[in-house]
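First up is the structure itself, then whatever we jot down about it.
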Amino acid sequence: MSTTSKTGREHTPGKSGGAAADAAAQDQADRDRDRDQDLGAAGSQLSTAPKEELPNLPALGVIGWARWFWRQLTSMRVALLLLLLLSLAAIPGSLIPQTGVDETRVADFREQHEFLAPVYDKVGLFNVYSSVWFSAIYILLFVSLIGCIVPRTWQFVGQLRGRPPGAPKRLTRLPAYTTWRTGADPGQVRGAALALLRKRRFRAHLAGDAVAAEKGYLREVGNLAFHLALIVMLVAFAWGQLFKSEGNKLIVEGNGFANTLSQYDDFKSGNLFDVADLEPFSFDVKSFTGTYERSGPNKGTPRTYETELVYSEGAYGEERTTTVKVNEPLRIGDSKVYLVSHGYAPVVTVRDGDGKVVFKDAVPLLPLDSNVTSSGVVKVLDGYRNAEGEKEQLGFNAFFVPTFGGSQSGTMLSQFPALDYPVLALSAYHGDLKADSGIPQSVYQMDRTKMKEFKDSDGELFKKMLTPGETMTLPDGAGTVTFENDIREWAGFQMVQEPGGGWALGGALVAIAGLAGSLFIQRRRVWVRAVEGPDGVTVVEMAGLGRSESATVPEELGDLAGILYDRAPGAQEPSADSPDSPDAPDSPDTPDPQAVPAEGAEKP
């Protein structure tokens with residue numbers, strides 16, 4: 001098999017070095033121009049990217065400028081720029097407290113930053129995802145992607161319906177090229193080449209004296225799939241934000257929850273959310289299980305952190321038992337029930353001076369540290385009368401430690417999160433808790449503006465530390481408070497309903513697959529020409545062209561040429577004494593089915 005070889009440029013004696021270099025450069029430019037013209041349709045439509053045309057600025061009118069602006073908006077670089085801007089615009093939403101997420105933090109920020117807060121209000125940084133500028137970027141990106149993908153899709157469909165273009169006149173100008181002479185008939189060579197290329201999953205057909213084949217359409221499929229997936233993700237995220245809901249509920253062991261608005265401790269939703277869209281379900285908390293590392297550097301770290309639920313879907317659904325763990329939520333329709341927090345709820349019994357029980361319940365206390373040092377309030381709102389028979393309300397500030405460090409520690413700080421040595425410290429008040437004022441109150445805090453302290457014998461605030469089973473007797477026969485042996489645990493749940501999550505996940509997976517296809521699959525074309533030479537021997541030419549410079553095309557062409565060479569072996573070159581070939585070599589050409597790059601291309 002003989003390979004193409006280009007002769008060196010002629011050097012005209014007498015020319016200076018600079019003139020010779022200019023002539024060589026001009027010669028190379030002429031050859032490049034001839035190459036581009038000679039390729040013609042062979043290198044066309046290897047991509048669905050639209051051709052960019054410079055606007056005729058003096059002739060542009062309103063319609064011309066609108067068309068130019070639309071082309072810029074729907075170009076790939078503008079879409080990538082808008083995607084980058086959207087990512088940058090989302091950064092303030094994670095650094096600055098948002099009104100729709102935590103209004104308390106927003107209020108604290110306003111108090112601490114009197115100058116920045118009004119500026120953030122005007123710019124919309126407290127509500128980034130609903131601001132005008134964020135929505136503008138979002139909508140422009142959406143329009144850009146649609147305007148980019150629609151024409152490319154139609155163009156790609158047209159390419160699939162058509163056939164690979166015919167071979168150019170001079171295959172030697174292509175990046176990868178090889179040739180040899182064979183005694184096989186040209187038609188047989190073309191038939192063998194057609195069968196081989198189709199077996200290698202090329203789209204191939206006969207075009208005149210050559211076989212034209214193309215492969216790698218999945219590159220454009222991946223490119224279009226990536227853009228379609230981005231659109232699906234944008235729609236899914238927008239749908240999820242508009243129709244989402246999110247609420248929290250603290251539930252003590254043995255208690256339950258029904259998914260209605262009045263059951264939530266706090267609740268947030270999207271702008272288009274309707275309460276009727278809440279998934280109908282309910283569940284009871286049967287038990288909470290928490291175990292912790294007992295020694296080592298990770299002492300106190302949770303090992304088991306789960307709760308057992310009995311739940312039912314709908315109003316009359318069948319009850320089922322499940323276990324909810326951290327990052328393993330209960331899924332019901334579009335809703336997910338996450339386990340997000342845990343604490344203790346000591347059972348406290350309050351009696352009046354006559355020994356009548358006026359309060360007995362598990363009081364959930366909020367953790368203050370990783371060892372579950374907890375604080376809260378015990379409120380007795382109804383049924384209590386003081387020693388004079390007057391109605392009053394009682395309030396107790398409560399501190400609880402599951403593992404007390406002992407009196408020598410001097411502080412109410414837990415040493416371990418498990419119930420090894422539980423202690424409850426109470427300080428007592430009486431009066432009016434202002435629970436009937438109509439102003440919502442926190443169940444974990446006490447308004448002491450109309451409350452009076454119970455005094456001990458020294459005139460100080462009456463307080464006492466209790467272990468399970470102990471009772472505190474209030475001064476002046478006001479009653480007693482008992483810390484029962486029953487210490488329950490509570491679990492904090494977050495109920496999230498965000499439609500479109502499945503579409504967003506599917507879009508992300510398709511986008512990754514499409515991007516991988518567009519990066520790693522190369523679209524390329526191969527031509528095989530077989531014609532009868534002047535001496536009656538068939539001349540076979542093979543050439544390949546890819547969308548970009550790559551070693552894949554020469555390697556693949558060399559592999560195909562080797563297989564085809566076996567089916568159409570090389571013919572012996574004419575001897576030197578042949579009248580038809582006076583300049584033929586003295587020995588036959590040695591077959592070498594290896595594609596080599598043509599002029600200007602690197603060797604594979």
Identify the heavy atoms of Gly124 and Ser131 that sit nearest to each other, and give their distance. O-CB, 4.0 Å

Contacts of Asp185 meeting salt bridge (charged side-chain N to carboxylate O under 4.0 Å, His left out) (sequence neighbours excluded), chain-then-number -> none

Can a side-chain donor-acceptor contact be found between Gln72 and Arg77 if the only test is distance below 3.5 angstrom? yes

Show your working on side-chain contact (heavy atoms from CB on, under 4.5 Å) between Val143 and Trp70 and close with a plain yes or no. CA-CA 10 Å; Val143 173; Trp70 175 254; 3.8 Å; yes

Taking all non-hydrogen atoms of both residues into account, name the closest pair between Gly507 and Val232 and its distance. CA-CG1, 4.5 Å

Test side chain to side chain donor-acceptor pair (under 3.5 Å) applied to Tyr217 and Glu214, Lys215, Glu220, the passing residue: Glu214

Take Lys336 and Leu330 through the test side-chain contact (heavy atoms from CB on, under 4.5 Å) and record every step on the way to the result. CA-CA 6 Å; Lys336 297 179 183 179; Leu330 168 64; over 6 Å; no

Evaluate the side-chain proximity of Leu234 to Leu141: yes if any heavy-atom separation is below 4.5 Å, no if none is. yes

Hey, what do you get for CG (Leu145) to NE2 (His227), rounding to the nearest 0.5 Å? 6.5 Å

For the student: nearest non-hydrogen atoms of Leu194 and Val211, plus distance: CD1-CG1, 4.0 Å

Any side-chain heavy-atom pair from Tyr138 and Phe237 closer than 4.5 angstrom? yes

Indicate yes or no: at least one non-hydrogen side-chain atom of Glu498 is less than 4.5 angstrom from one of Gln241. yes

Are Lys325 and Glu306 close enough, and set up right, to give a salt bridge (charged side-chain N to carboxylate O under 4.0 Å, His left out), and what steps lead you there? CA-CA 4 Å; Lys325 303 178 182 179; Glu306 60 188 30; 3.8 Å; yes

Results of salt bridge (charged side-chain N to carboxylate O under 4.0 Å, His left out) for Glu293 - residues two or more places apart only: Arg303

Could I get the full list of salt bridge (charged side-chain N to carboxylate O under 4.0 Å, His left out) partners for Arg320, not counting sequence neighbours? Glu313

Hey, does the side chain of Gln497 reach the backbone of Asp277 with a donor-acceptor pair shorter than 3.5 angstrom? yes

Judged by atom type as modelled, is there a donor-acceptor pair below 3.5 Å linking the side chain of Arg163 to the main-chain atoms of Arg203? no

Evaluate the side-chain contact (heavy atoms from CB on, under 4.5 Å) criterion for residues Asp535 and Arg181: first the C-alpha distance (whole Å), next the side-chain angles of each, then the deciding distance (0.1 Å), finally the verdict. CA-CA 11 Å; Asp535 56 355; Arg181 292 154 48 86; 2.7 Å; yes

Side chain Trp180, main chain Ala561, donor-acceptor under 3.5 Å: no

Measuring from Arg525:CZ to Leu174:CG, what's the distance to the nearest 0.5 Å? 11.0 Å

What distance do Lys199 atom NZ and Ile563 atom CD1 have between them, rounded to the nearest 0.5 Å? 7.5 Å

For Ser282, is there any backbone N or O sitting under 3.5 Å from a side-chain donor or acceptor partner on Asn259? no

Consider only side-chain N and O atoms of Thr291 and Thr304, and report whether a donor and an acceptor are under 3.5 Å apart. yes

So, the side chain of Thr323 versus the backbone of Thr307: is there a donor-acceptor pair under 3.5 Å, distance only? no

Which word best sums up how the rings of Phe283 and Phe281 line up, parallel for under 30°, tilted for 30 to 60°, or perpendicular for over 60°? parallel

Short side-chain donor-acceptor distance under 3.5 Å, Glu279 and Ser335: no

Ion pair Arg190/Asp209, N-O distance below 4.0 Å: no

Nearest 0.5 Å please: distance from the CG atom of Leu218 over to the CG atom of Asn223. 12.0 Å

Given 3.5 Å as the limit, does a donor-acceptor pair link the side chain of Thr179 with the main chain of Val540, or not? yes

Taking atom CG of Leu84 and atom CD1 of Ile137, what is their separation to the nearest 0.5 Å? 10.0 Å

Donor-acceptor check, side chain of Arg524 to backbone of Gly544, threshold 3.5 angstrom: yes or no? no

Side chain proximity check, Phe202 to Leu560, heavy atoms < 4.5 angstrom: yes

Contact between Ile149 and Leu224 at the side-chain level, heavy atoms closer than 4.5 Å - yes or no? yes

Side-chain heavy atoms of Leu125 within contact of Pro92, under 4.5 Å: yes

Could you check whether any side-chain N or O of Ser130 sits under 3.5 Å from a backbone N or O of Asn127, counting only pairs where one atom can act as donor and the other as acceptor? no

Any side-chain to backbone donor/acceptor pair from Tyr177 onto Glu541? Under 3.5 Å, distance only. no

Run Trp133 and Leu85 through side-chain contact (heavy atoms from CB on, under 4.5 Å) and show every step you take. CA-CA 11 Å; Trp133 50 273; Leu85 287 177; over 6 Å; no

What are the two closest heavy atoms between Phe134 and Ala90, and how far apart are they? CE1-N, 4.1 Å

Heavy atoms only: give me the nearest Ala530-Thr538 pair and the separation to one decimal. CB-CG2, 4.2 Å

Could you tell me whether the side chain of Phe142 reaches within less than 4.5 Å of the side chain of Ile231, counting heavy atoms only? yes

Can you tell me how far the CZ atom of Arg331 sits from the OH atom of Tyr338, to the nearest 0.5 Å? 6.0 Å

Tightest non-hydrogen contact, residues Phe226 and Ala511, listed as CD1-O, 3.3 Å

Got Arg71 and Leu73 here, is their nearest side-chain heavy-atom distance under 4.5 Å? no

Step through it carefully: locate the ring centre of Phe243, locate the ring centre of Trp239, and say whether they are under 6.0 Å apart. yes

Checking the side chain of His205 only, and the main-chain atoms of Pro164 only, is there a donor and an acceptor separated by less than 3.5 Å? yes

